[in-house]
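The sequence lines fix the lettering, A, B, ..., with proteins before strands; numbering per chain opens at 1. This is a predicted model, so every value here is computed, not measured.
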Protein chains: 2
Amino acid sequence: MATLPAKPDMKDRILETADRLFYLQGIRAIGVDTIAAEIGISKRTLYNHFPSKDALITAYLARRFVAPRTSDKSPVEQILGTFDSLERRFSAKDFRGCPFVNAVAELGEDRSVRKVAVAFKESRRLWFRDLLVQLGVADADALATQLALLVDGSIAQDLVRNDPAMARAAKEAATVLLRNAGVKVGGNIATNKRATKKRHSRPAS
Amino acid sequence: MATLPAKPDMKDRILETADRLFYLQGIRAIGVDTIAAEIGISKRTLYNHFPSKDALITAYLARRFVAPRTSDKSPVEQILGTFDSLERRFSAKDFRGCPFVNAVAELGEDRSVRKVAVAFKESRRLWFRDLLVQLGVADADALATQLALLVDGSIAQDLVRNDPAMARAAKEAATVLLRNAGVKVGGNIATNKRATKKRHSRPAS
DNA sequence: AAATAGGTACACAGACCTGTGTAACTAGGC
DNA sequence: GCCTAGTTACACAGGTCTGTGTACCTATTT
């Protein structure tokens with residue numbers, strides 16, 4: 001039906017721009033005019049691709065929903081590596097907290113927003129849980145929740161303090177929790193600058 | 001100078017109402033008309049007490065800034081009790097996350113908002129730190145930061161999930177961190193339903 | 001060349017927002 | 001009784017917001 005449009009990326013461009021502005025400045029703070037002006041298109045074009053601002057918000061959150069992916073590294077490396085990448089993201093000047101938490105804080109009781117936010121948080125918690133199960137942790141569920149708390153805690157703290165060290169604090173706490181659960185964690189945790197990088201395929205689960 | 005006004009609480013009433021609406025529905029979501037209408041006063045009266053909405057927002061955050069107070073309970077009870085009161089607040093239906101984090105998320109780069117938010121977070125962290133020093137914890141500073149992460153993490157998680165159990169998960173993690181730092185924590189942590197309530201005045205610091 | 005899909009320019013409706021101006025009212029203090 | 005401070009009702013300025021309507025333009029496809 002639809003012939004390929006001349007510029008196949010107009011919808012993407014709109015969404016990408018909306019994403020950036022919504023995330024950096026807040027959803028309520030950005031009007032559709034601002035988004036259109038930023039791209040240099042007319043507001044009419046924007047509304048030809050998205051029926052309403054609400055639809056754009058929904059698409060924005062859907063775009064941000066990137067479920068954590070399991071790599072071939074060891075479970076411990078993956079878990080602790082989460083906090084390393086958090087620290088990297090905190091250091092970027094365009095980091096402004098968790099888009100889902102922010103959206104819930106901003107839009108309050110909006111059902112659909114809350115729903116996707118919960119789904120996102122749960123996806124990460126389950127990712128942690130699976131890794132913990134692989135490590136043979138007894139109460140993987142509870143520990144996964146606690147790790148998730150550390151992630152969101154460091155994000156919230158960095159949002160207000162602008163201090164990437166929050167990620168390292170979370171990593172140290174996570175290390176203690178893992179060790180307490182009987183998980184063997186490589187010696188020098190700290191900044192993880194060049195640790196022993198042995199890649200054992202997978203421990204007995 | 002000012003003779004006592006007939007209704008000495010008008011300014012308070014405005015502030016209290018603004019607080020409730022700002023917190024529950026978001027600062028940007030609430031207009032001054034809405035606040036005035038809620039109290040049943042004219043918008044003019046509101047502006048006679050606060051020169052601008054910005055001033056009202058500032059007063060709102062100042063009002064929310066309640067520094068944690070040290071009680072006569074044992075340091076461990078005070079630290080872990082923090083998570084018990086969090087759980088109670090999570091269970092209240094009018095809980096909507098941390099007002100400071102929410103304000104930063106909503107108002108973005110606003111300097112003064114960020115400033116008061118940082119001050120609030122730091123006041124709690126220092127409260128933790130002092131208690132940990134009393135307990136003779138070596139790196140009280142680092143552990144205080146980690147406890148703060150658990151607090152904010154549970155708040156963020158409860159904001160999206162609406163699950164007061166996040167507070168208990170944080171409490172359990174905090175218990176592990178405390179024990180790991182050499183602090184003796186009473187046996188049955190869990191829900192803390194009637195633990196041994198020995199009140200020792202103060203441990204060797 | 002004609003048709004079609006998509007974009008542009010621009011005005012506009014209707015709502016809401018912050019903040020002000022003004023005249024009238026109401027109560028307590030002198 | 002009168003003054004004063006606080007309040008009220010109400011209009012309004014000037015801005016922003018979402019969303020629509022309309023007429024024109026510009027490529028690509030057929």
Distance in angstrom units between A/F50 CZ and D/dT18 P, rounded = 15 Å
ask   = Can you check whether B/V104's main-chain N or O pairs, donor with acceptor, with B/R114's side chain at less than 3.5 Å?
value = no
request  = Would you please confirm or rule out a distance under 4.0 Å between OP1 or OP2 of C/dT8 and any side-chain N or O of A/T45?
outcome  = yes
query = Rounding to a whole Å, what distance do you find between A/F22:CZ and D/dC17:C1'?
reply = 12 Å
request  = Let me know the distance between CG of A/D9 and P of C/dG6, rounded to the nearest Å.
outcome  = 14 Å
ask   = Given atom CD of B/Q25 and atom P of C/dC16, what is their separation to the nearest angstrom?
value = 14 Å
query = Which residue lies toward the 5' end of DNA chain C, A/K43 or A/N48, if each is placed at its nearest nucleotide?
reply = A/N48
message = I want to confirm an ordering. Mapping A/Y47 and B/R44 to their closest nucleotides on DNA chain D, which one lands closer to the 5' end?
response = B/R44
query = Which of the following nucleotides, C/dT18, D/dT8, D/dG19, is nearest to the side chain of A/K53?
reply = D/dG19
task = Measure from CG on B/L56 to P on C/dT18 and round the result to the nearest Å.
result = 10 Å
task = For the residue pair A/L178 and A/L80, establish whether any side-chain heavy-atom pair is separated by less than 4.5 Å.
result = yes
task = Rounded off to whole Å, could you give me the CZ-to-P distance for the A/R28 and D/dT16 pair?
result = 18 Å
inquiry  = With rounding to the nearest 0.5 angstrom, report the CZ to CZ distance, A/R168 to A/F90.
reply    = 12.5 Å
task = Quickly work out the A/I27 CD1 to D/dT18 P distance and round it to whole Å.
result = 12 Å
ask   = If you check the B/D33 side chain, which of C/dT18, D/dT18, C/dT8 turns out closest?
value = C/dT18
ask   = Hey, is the side chain of B/H49 poking within less than 4.0 Å of OP1 or OP2 on D/dT7, counting only N and O atoms?
value = yes
inquiry  = Tell me the interatomic distance from A/L46, atom CG, to D/dC17, atom P, rounded to whole angstroms.
reply    = 13 Å
inquiry  = Please check if the number of heavy atoms outside A/R89 that lie under 6.0 Å from its CZ is greater than 12.
reply    = no
inquiry  = Would B/R64 pass as a cation-pi partner of B/F120, given that its NZ or CZ must be under 6.0 Å from the six-membered ring centre and within 45 degrees of the axis?
reply    = no
